[in-house]
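Before any comments, here is the structure.
Scope of the values below: all heavy atoms of this structure, side chains included, with no hydrogens, waters or symmetry mates. As the structure is a prediction and not an experimental result, all values here were calculated from the model.
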Amino acid sequence: MRNVTLVLQDGTKFHGKSFGYDKPIAGEVVFNTAMMGYPESLTDPSYAGQLMVLTYPLVGNYGVPAFSFEDNGLPTFMESDKIYASAIIVADYSEKYCHWNAKESLAEWLKREQVPGITGIDTRELTKVLREHGVMMGKILFDDEPDNIPEANYEGVNFVDKVSVKEIVTYQPTQIAEGQKAKKVVLVDCGVKANIIRCLINRGCEVVRVPWNYDYTEMEFDGLFLANGPGDPDMCEDAVKIIKKFMEKEAQKETPKPICGICMGNQLLSKAAGATIYKLKYGHRSHNQPVRMVGTEKCFVTSQNHGYAVDAKTLGEDWEEFFVNMNDGSNEGIRHKKFPWFSSQFHPEACSGPVDTEFMFDKFVETL
C-alpha cells in the first residue's frame with residue numbers, strides 16, 4: 001500500500017495508505033455515519049464529485065456483490081451502473097471478507113473501476129473537523145508524487161447534468177392486477193437510484209425515465225416523479241421552470257396529476273413552489289435521521305444523503321411542510337394544501353437503510 005495524504009481546504013492533513021486505485025483525486029469531503037451499505041452508497045449518483053468518509057471504523061468485511069443486471073436493465077444489488085463517488089476514505093479496511101453474496105473485495109472493485117480508496121485515516125477526528133468547519137474541498141495526494149496535484153470544483157458545477165440519462169428509458173411494471181392497466185409515471189432523472197424505479201414498477205407502474213431538463217408537459221401520463229441527484233439544486237433552473245409550467249397547467253384541471261419528489265426532487269419541487277435553498281453545514285448522510293410528520297406525533301427513522309435543504313419559511317402560501325428533521329429542525333418534505341403534490345427530503349426506498357417510510361410510494365400510487 002502506498003502512502004497517501006488527505007489535504008483539506010483549510011490545510012489540515014491526514015495520513016493513510018492507498019487500498020484502491022492509485023491516482024490523486026480532488027473533491028468535496030463529506031461524511032456518512034451509516035454502519036453498512038458501502039456498495040449502495042458508492043453507486044449512488046448523489047455522491048458524484050465527493051470524497052466519501054465512512055465514520056464506521058471497519059469497512060470491507062462483507063466484500064462486494066456481483067455487479068449483475070436484471071432483464072429490465074436495473075442493477076441487482078447496486079444503485080446505478082457504476083461507482084459515482086470520487087473516492088472512499090475509511091479508518092480500517094478489512095482485506096479479508098466473508099458474505100454469502102460477495103464476489104470480490106472492496107479493493108478489487110475500486111481498482112477495477114479506477115476509484116481511489118484510502119485507509120488508516122482517523123475518520124472520527126476527520127469528522128469532528130468537518131462538523132466544526134463544515135464540508136470542504138479536499139485532495140488525496142500520493143507521498144511519492146508530490147508534484148501530481150489534482151484540481152476540482154464542486155460549487156457551480158451542474159452534477160445533475162453529468163449523471164442524468166441523455167435519452168428516454170422506459171421500464172415496464174413487474175406485476176399488474178388482473179384486469180388493470182398500468183399507470184404511466186414520468187420520472188425526471190436527476191441521478192435516480194435504481195431502487196426508486198424498482199419501488200414504482202413493483203407497484204404496477206410503467207416508468208418513463210427522462211433527462212433532468214426534458215420538457216414532458218405535452219406527454220400523456222398519470223403522474224410525475226422527481227428523483228434524487230447530486231450537487232446544488234440552484235444549478236437546475238431548467239428543471240424548475242418545467243415543473244412550474246406543469247403545475248400551472250395541472251392547476252387548471254379538476255383533477256390535477258399527482259407529483260412526488262425525493263431528495264433533490266423535494267428541493268426542485270420546493271423551488272417551483274417559490275422556496276429558496278441553502279447549504280447545510282455538513283449535510284445529512286446516514287441511516288438514522290429522525291423525522292416527524294408535521295401535525296402528528298408520528299416519527300420515522302430515515303436514510304438520507306444530501307447537502308442542501310429547503311428554507312420552509314419561503315414556501316408559497318399554498319404549500320406547507322410535510323416532515324421536519326428532529327435533530328436540527330430542517331425541512332424534510334413539503335405538500336400542497338389542495339392538490340396531490342408532495343415530497344420527502346429523505347429516501348423512502350432506503351437501499352441501503354431502513355424502509356420505515358416506503359409508504360410514500362404507496363401514497364403516490366394511490367393518487368394516480
Counting only N and O atoms by type, is there a donor-acceptor contact under 3.5 Å from the side chain of [X] to the main-chain atoms of [Y]?
{"X": "Ser105", "Y": "Gly63", "answer": "no"}
{"X": "His287", "Y": "Ser352", "answer": "yes"}
{"X": "Asn153", "Y": "Glu155", "answer": "no"}
{"X": "Asn213", "Y": "Ala239", "answer": "no"}
{"X": "Gln345", "Y": "Glu332", "answer": "no"}
{"X": "Lys249", "Y": "Thr217", "answer": "yes"}
{"X": "Ser164", "Y": "Val160", "answer": "no"}
{"X": "Tyr171", "Y": "Gly73", "answer": "no"}
{"X": "Asn158", "Y": "Asp161", "answer": "yes"}
{"X": "Tyr93", "Y": "Ala107", "answer": "yes"}

Indicate yes or no: does [X] engage [Y] in a salt bridge with an N to O separation below 4.0 Å.
{"X": "Arg203", "Y": "Glu358", "value": "yes"}
{"X": "Arg2", "Y": "Asp144", "value": "yes"}
{"X": "Glu321", "Y": "Arg335", "value": "no"}

With a 4.5 Å heavy-atom cut-off, do [X] and [Y] have their side chains touching?
{"X": "Phe346", "Y": "Pro290", "value": "no"}
{"X": "Ser344", "Y": "Asn266", "value": "no"}
{"X": "Ile83", "Y": "Trp109", "value": "yes"}
{"X": "Pro348", "Y": "Ile262", "value": "yes"}
{"X": "Leu42", "Y": "Glu79", "value": "no"}
{"X": "Leu74", "Y": "Phe69", "value": "no"}
{"X": "Glu28", "Y": "Leu51", "value": "no"}
{"X": "Val186", "Y": "Glu206", "value": "no"}

Quick check on [X]: does its [atom1] atom have over 12 non-hydrogen neighbours (other residues, nucleotides or ligands) under 6.0 Å away?
{"X": "Lys253", "atom1": "NZ", "result": "yes"}
{"X": "Lys279", "atom1": "NZ", "result": "yes"}
{"X": "Lys103", "atom1": "NZ", "result": "no"}
{"X": "Glu95", "atom1": "CD", "result": "no"}
{"X": "Lys166", "atom1": "NZ", "result": "yes"}
{"X": "Lys337", "atom1": "NZ", "result": "yes"}

Please check if [X] and [Y] belong to a single hydrophobic cluster, counting links between Ile, Leu, Val, Met, Phe, Trp and Tyr side chain heavy atoms closer than 4.5 Å.
{"X": "Phe221", "Y": "Ile201", "answer": "no"}
{"X": "Met36", "Y": "Met52", "answer": "yes"}
{"X": "Met264", "Y": "Val240", "answer": "yes"}
{"X": "Val163", "Y": "Val115", "answer": "no"}
{"X": "Phe339", "Y": "Tyr216", "answer": "yes"}

Point to revise | Cluster companions of Leu141 among Ile, Leu, Val, Met, Phe, Trp, Tyr (side-chain spacing under 4.5 Å) | key: Val7, Ile149
Exercise for review: List, by chain and then residue number, the residues other than Leu58 in its hydrophobic cluster (Ile/Leu/Val/Met/Phe/Trp/Tyr, side-chain heavy atoms under 4.5 Å); write none if there are no others.
Suggested key: Met35, Tyr56
State, without any angle test, whether [X] and [Y] hold a side-chain donor-acceptor pair at a distance under 3.5 Å.
{"X": "His347", "Y": "Ser303", "result": "no"}
{"X": "Asp311", "Y": "Asn331", "result": "no"}
{"X": "Glu104", "Y": "Tyr97", "result": "no"}
{"X": "Ser94", "Y": "Asn61", "result": "no"}
{"X": "Tyr47", "Y": "Asn32", "result": "yes"}
{"X": "Thr76", "Y": "Ser68", "result": "yes"}
{"X": "Gln289", "Y": "Gln304", "result": "no"}

Taking only distance into account, with no hydrogens and no angle test, what donor-acceptor pairs under 3.5 Å do side-chain atoms of residues 187-197 form with protein atoms, sequence neighbours excluded?
residue : atom : partner : partner atom : Å
Asp189  : OD1  : Gly191  : N            : 2.9
Asp189  : OD1  : Val192  : N            : 2.8
Asp189  : OD2  : Val165  : N            : 3.0
Asp189  : OD2  : Arg209  : NE           : 3.1
Asp189  : OD2  : Arg209  : NH2          : 3.2
Lys193  : NZ   : Glu349  : OE2          : 2.9
Lys193  : NZ   : Cys351  : O            : 3.3
Asn195  : OD1  : Arg198  : NH1          : 3.1
Asn195  : ND2  : Glu349  : O            : 3.1

Please report the closest heavy-atom contact between [X] and [Y], naming both atoms and the distance.
{"X": "Pro354", "Y": "Val301", "answer": "CG-O, 3.5 Å"}
{"X": "Met136", "Y": "Leu8", "answer": "SD-CB, 3.8 Å"}
{"X": "Pro340", "Y": "Pro256", "answer": "CG-O, 3.9 Å"}
{"X": "Val365", "Y": "Cys205", "answer": "CG2-SG, 3.9 Å"}

Check your understanding: Could you walk me through whether Lys139 and Glu151 pass the salt bridge (Lys or Arg N to Asp or Glu O under 4.0 Å) check?
Key -> CA-CA 8 Å; Lys139 299 177 181 180; Glu151 296 294 336; 3.0 Å; yes
Exercise for review: Using the side-chain hydrogen bond (donor to acceptor under 3.5 Å, both in side chains) rule, take His306 and Asn228 through it: C-alpha gap first, then chi angles, then the decisive distance, then the call.
Suggested key: CA-CA 9 Å; His306 62 103; Asn228 65 292; over 6 Å; no
Point to revise | Working for side-chain hydrogen bond (donor to acceptor under 3.5 Å, both in side chains), residues Asp143 and Thr5 | key: CA-CA 7 Å; Asp143 294 359; Thr5 301; 2.8 Å; yes
Check your understanding: Tell me the side-chain hydrogen bond (donor to acceptor under 3.5 Å, both in side chains) pairs involving residues 117-132, sequence neighbours left out?
Key -> Arg131-Tyr282
**Study point:** Set of residues satisfying salt bridge (Lys or Arg N to Asp or Glu O under 4.0 Å) with respect to Glu108, sequence neighbours excluded
**Key:** none
Exercise for review: Could you pull out all residues at least two apart from Asp22 that satisfy side chain to side chain donor-acceptor pair (under 3.5 Å)?
Suggested key: Ser18
Review point. Are Tyr154 and Phe159 near enough that their ring centres are under 6.0 Å apart?
Key: yes
Exercise for review: Classify the angle between the aromatic ring planes of Trp319 and His336 as parallel (below 30°), tilted (30 to 60°) or perpendicular (above 60°).
Suggested key: perpendicular
**Study point:** Lys NZ or Arg CZ of Lys363 over Phe361 ring: under 6.0 Å, within 45°
**Key:** no
Exercise for review: Identify which one of Phe225, Trp341, Phe359 satisfies the ring-ring contact (aromatic ring centres under 6.0 Å, His included) criterion when paired with Phe364.
Suggested key: Phe225
